[in-house]
Amino acid sequence: MSLRDAFGTDVLLTGWGHTPFGRLDDESLESLVVRAAAEALECAGVEPGQVDEVVLGTFNSGMWPLGFASSLALQVSDDLANVPATRVENACASGSAAVHQGVKSLLAGTARTVLVIGAEKMTQAPADVVGAALLGADYELAGTSSTTGFAGLFADVARHYEKRHGPVGDTLGAIAAKNHRHGVLNPYAQLRKDLGEDFCRTVSDRNPVVADPLRRTDCSPVSDGAAALVLSTAPTSGRVDPVRLAGFGHANDFLPSSKRDPLAFAGTVAAWQRAMGMAGATSPDDLDLVELHDCFTIAELVLYEAIGLAAPGEGARLLEEGTVARGGRMPVNLSGGLKSKGHPVGATGVSQHVLAAMQLSGTAGEMQVAGARRAAVHNMGGLAVANYVSVLESVRA
């Protein structure tokens, strides 16, 4: 069973583009969108006039003056004039929302080629503006003042975890250190430095507590960047082997925190099961790698358990045994994750798909896992409120 079996249509990732992530002072939202989109079209061997639809994922929420960005990709070429273009938003999952929207157009038969872009420009905005914008994704704190922002919300998750399963400080430090080691090999990553476990586990002047028990190294950075994909129903004449979408799932949980178990990540579980079921995958053992939404290290730890890599309270073993590290049985966030690669909100989900597709097409360079055939991507908005999962597979012989 696969998406192709379920819908009678093949959905292929036939090309992709990716800008560096980081503080990109010389880039605007427009230049980032155009740069990533043009690269994706060239990679796919698709002319702008062949594009049937454009979908842009961006959160914005006041971080960039232009709030009406759907037509920015048309700046790539005049041949994109009059192509339908839509901006979608679902907090930090806006990128995957754009991917899934493009997929649905292909499955509906209204398009055969869709250009999907995720982009965000954040670093030019003052810290208080960025903080207020991100808090707009939380039901209780939207419109309020907070000194810790989303770090405080995920710190609450960490404290709940400690009440049920014991201290997490060293485990979170190990997750941060792993993702920084992985990020060194990612040419797009914002923080390409191996910080080491001792540094990540230790509170210091350079690694202060942001929201107890989360330290600076437990938090993803504010970033600029963009990534883009070409989705097609048939192979194109591009320069990379296409990658097939085998399954996808999307689930939203309740907004009020009182209606959610902080450690269940129930929406993630539902989206994961839908995507894996559609792909005919029975367990994580059917995958070769996973890209998880580690906006904070505690999120990655809880996600290990939510997707079935470990039983509740047992996630630390995956780090101790090297399971989720490069060379392990199930490497997680070989891109460096949001922690090292960066987190330009609307770009993140598309970036995760691009990095996974690179692995499955054998074009991931130093990041490459030998023989990777199947990968899963998980992207979430808010505190596991909007949840998207895609299962991708290689079509290489």
Side-chain angles (χ1 to χ4, degrees), residues 18-19 21-24 27-33 36-37 54-73 85-102 116-144 146 149-151 153-154 190 219-229 250 252-253 255 267 291 293-296 299 337-339 341-354 377-388:
H18 203 297
T19 74
F21 281 4
R23 186 179 184 93
L24 308 178
E27 300 276 9
S28 65
L29 180 64
E30 178 178 336
S31 68
L32 289 167
V33 167
V54 176
V55 188
L56 170 67
T58 185
F59 177 57
N60 195 351
S61 196
M63 292 183 290
W64 185 256
L66 181 65
F68 179 39
S70 56
S71 283
L72 286 180
T86 306
R87 173 202 168 187
V88 299
E89 182 277 314
N90 222 350
C92 296
S94 295
S96 286
V99 174
H100 285 206
Q101 185 63 41
V116 176
I117 309 142
E120 210 74 64
K121 188 76 172 78
M122 304 173 70
T123 64
Q124 79 294 328
D128 61 331
V129 172
V130 174
L134 297 178
L135 278 180
D138 183 71
Y139 182 76
E140 283 84 13
L141 294 181
T144 69
S146 169
F150 254 87
L153 297 174
F154 278 88
Q190 180 171 355
C219 309
S220 59
V222 172
S223 316
D224 307 326
L229 291 168
H250 168 207
N252 268 50
D253 207 341
L255 271 173
E291 286 288 318
H293 189 101
D294 61 319
C295 49
F296 299 92
L338 286 59
K339 178 66 206 70
K341 183 180 60 177
H343 184 27
V345 177
T348 286
V350 182
S351 169
Q352 291 175 308
H353 284 79
V354 169
V377 167
H378 164 271
N379 184 202
M380 69 184 183
L383 209 167
V385 173
N387 305 268
Y388 292 82

Checklist entry - Side-chain contact, heavy-atom cut-off 4.5 Å: Leu32 with Leu24? => result yes

Next on the checklist: Centroid separation under 6.0 Å, is that true for the rings of Tyr388 and His378?
Outcome noted: no

Checklist outcome for this item: All heavy atoms of Gly342 vs all of Pro221, minimum pair found to be CA-CG, 3.9 Å

Item to check | salt_bridge(Lys121, Asp224) N-O dist < 4.0 Å | outcome: yes

Item to check | Heavy-atom closest contact (Leu135 atom, Thr144 atom, distance) | outcome: CD1-O, 4.1 Å

Item to check | Shortest non-hydrogen contact from Gly382 toward Phe154 | outcome: O-CZ, 4.2 Å

Item to check | Main-chain N/O of Ala119 paired with Thr58 side-chain donor or acceptor, under 3.5 Å | outcome: yes

Next on the checklist: Is the shortest side-chain heavy-atom distance between Thr86 and Leu56 below 4.5 Å?
Outcome noted: no

Checklist entry - Would you find a donor on one side and an acceptor on the other, under 3.5 Å apart, between the side chain of Glu120 and the backbone of Phe59? => result yes

Checklist entry - Quick one: are His353 and Ser96 in side-chain contact, heavy atoms under 4.5 Å? => result yes

Checklist entry - Quick one: salt bridge (Lys or Arg N to Asp or Glu O under 4.0 Å) partners of Glu27, sequence neighbours excluded? => result Arg35

Item to check | Minimum-distance pair of heavy atoms, taken over all atoms of Gln352 and Glu291 | outcome: NE2-O, 4.0 Å

Item to check | Sidechain-backbone polar pair: Asn90 side chain, Ala93 backbone, donor-acceptor under 3.5 Å | outcome: no

Item to check | Note, Val130 side chain near Met63 side chain (heavy atom, < 4.5 Å) | outcome: yes

Next on the checklist: Quick check against the 3.5 Å criterion: does Asp294 have a side-chain atom that pairs as donor or acceptor with the backbone of Leu338?
Outcome noted: yes

Item to check | Donor-acceptor pair, side chain of Ser220 and main chain of Cys295, under 3.5 angstrom | outcome: yes

Item to check | Residues Trp64, Gln124; criterion side-chain contact (heavy atoms from CB on, under 4.5 Å); working and verdict | outcome: CA-CA 8 Å; Trp64 185 256; Gln124 79 294 328; 3.6 Å; yes

Checklist outcome for this item: Here the gap from Leu383 atom CG to Leu141 atom CG, rounded to the nearest 0.5 Å, amounts to 10.5 Å

Next on the checklist: Test side-chain contact (heavy atoms from CB on, under 4.5 Å) on Val99 and Leu229; report intermediate values, then the result.
Outcome noted: CA-CA 8 Å; Val99 174; Leu229 291 168; 4.0 Å; yes

Checklist entry - Any donor-acceptor pair under 3.5 Å linking the side chain of Gln190 with the backbone of Val222? => result yes

Checklist entry - What is the minimum heavy-atom distance between Ser94 and Glu89, and which atoms define it? => result OG-CA, 3.4 Å

Checklist entry - Can you find a side-chain donor-acceptor pair between His343 and Ser223 that sits under 3.5 Å? => result no

Checklist entry - Can you find a heavy atom in the side chain of Leu66 that is under 4.5 Å from one in the side chain of Leu72? => result yes

Item to check | Validation row: Val55, Arg87 side chains within 4.5 angstrom (heavy atoms) | outcome: no

Item to check | Polar side-chain atom of Asp138 near backbone of Gly136 as donor-acceptor pair, under 3.5 Å | outcome: no

Checklist entry - Taking side chain as C-beta onward, heavy atoms only, is Lys339 less than 4.5 Å from Phe296? => result no

Next on the checklist: Under a 3.5 Å threshold, yes or no: a donor from one side chain and an acceptor from the other, between His18 and Ser351?
Outcome noted: yes

Checklist outcome for this item: Shortest non-hydrogen pair, Ala133 vs Asn60, comes out as CB-O, 4.1 Å

Next on the checklist: If you define the side chain from C-beta out and look only at heavy atoms, does anything of Cys219 sit under 4.5 Å from Phe150?
Outcome noted: no

